[in-house]
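In what follows, a single structure is set out as structure tokens and then discussed.
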Amino acid sequence: MTLKLLLPTGIFVDTTEVSRIVAESHEGSFELLPHRLDCVAALVPGIFTYDCADRGTVYLGVDAGVLVKAGAEVLVSVRRAIAGSDLGHLHDEVKQQLMQHDTEDASVKTALNKMEGGFLSRFLELQHER
């Protein structure tokens with residue numbers, strides 16, 4: 001199989017001769033082999049694994065995304081990806097980045113709520129002045 005893993009900023013992985021892919025969806029882990037039927041899957045954040053003839057088993061930490069298998073081509077599109085050789089270390093790094101992402105999301109939501117509150121109070125002041 002050929003595998004392309006795409007990020008918003010560019011191509012993260014572009015390789016051929018992939019013999020096996022393991023990914024995680026909302027229903028759990030699943031394995032893709034070369035002769036499996038075509039499919040589409042929504043991926044959840046976790047460990048993405050593929051076996052390649054020249055590199056052996058490769059582990060990636062990936063964010064949520066989508067996987068499409070059409071014939072011998074597998075396209076994966078995710079927000080973020082991290083490469084790693086040590087599975088334990090990679091798992092910890094993915095967990096840390098996801099927690100950081102959650103914290104950033106919370107900060108953005110708080111800022112938006114404050115802006116919205118300020119807008120509404122000014123709007124009500126203008127309505128009251130009329």
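Being a predicted model, the structure only gives us computed values, none of them experimental. Residue numbers start at 1 and run along the sequence shown.
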What residue among Leu6, Val78, Leu7 forms side-chain contact (heavy atoms from CB on, under 4.5 Å) with Phe12?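 Testing each of Leu6, Val78, Leu7 against Phe12, the sole residue satisfying side-chain contact (heavy atoms from CB on, under 4.5 Å) is Leu7.
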Apply the side-chain contact (heavy atoms from CB on, under 4.5 Å) test between Met1 and each candidate in Pro34, Cys52, Ser19; give the one that qualifies.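 Option passing the side-chain contact (heavy atoms from CB on, under 4.5 Å) with Met1: Pro34.
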Hydrophobic cluster (4.5 angstrom, side-chain heavy atoms) - remaining members for Val22: none
Residue pair Thr57, Thr49: steps toward the side-chain contact (heavy atoms from CB on, under 4.5 Å) verdict: CA-CA 7 Å; Thr57 301; Thr49 307; 3.5 Å; yes
Arg20: what forms a salt bridge (Lys or Arg N to Asp or Glu O under 4.0 Å) with it, not counting sequence neighbours?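 Result, salt bridge (Lys or Arg N to Asp or Glu O under 4.0 Å) vs Arg20: Glu31, Asp51.
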With sequence neighbours excluded, residues passing side-chain contact (heavy atoms from CB on, under 4.5 Å) with [X]:
{"X": "Arg36", "result": "Phe30, Leu32, Cys39, Lys69"}
{"X": "Ala72", "result": "none"}
{"X": "Glu17", "result": "Ala53"}
{"X": "Asp14", "result": "Lys4, Ile11"}

Return the CG to OH distance between Leu5 and Tyr50, rounded to the nearest 0.5 Å.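 Atom-to-atom, Leu5:CG and Tyr50:OH are 8.5 Å apart.
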Atom pair CD1/CG of Ile21 and Leu33 - distance to nearest 0.5 Å: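 Interatomic distance, Ile21 CD1 to Leu33 CG, rounded to 0.5 Å: 9.5 Å.
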Show your reasoning for whether side-chain contact (heavy atoms from CB on, under 4.5 Å) applies to Val66 and Leu43. CA-CA 5 Å; Val66 67; Leu43 302 180; 6.0 Å; no
Hydrophobic clusters here meaning ILVMFWY residues chained together by side-chain heavy-atom distances under 4.5 Å, can you tell me if Val58 and Val18 are in one?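 Shared cluster, yes.
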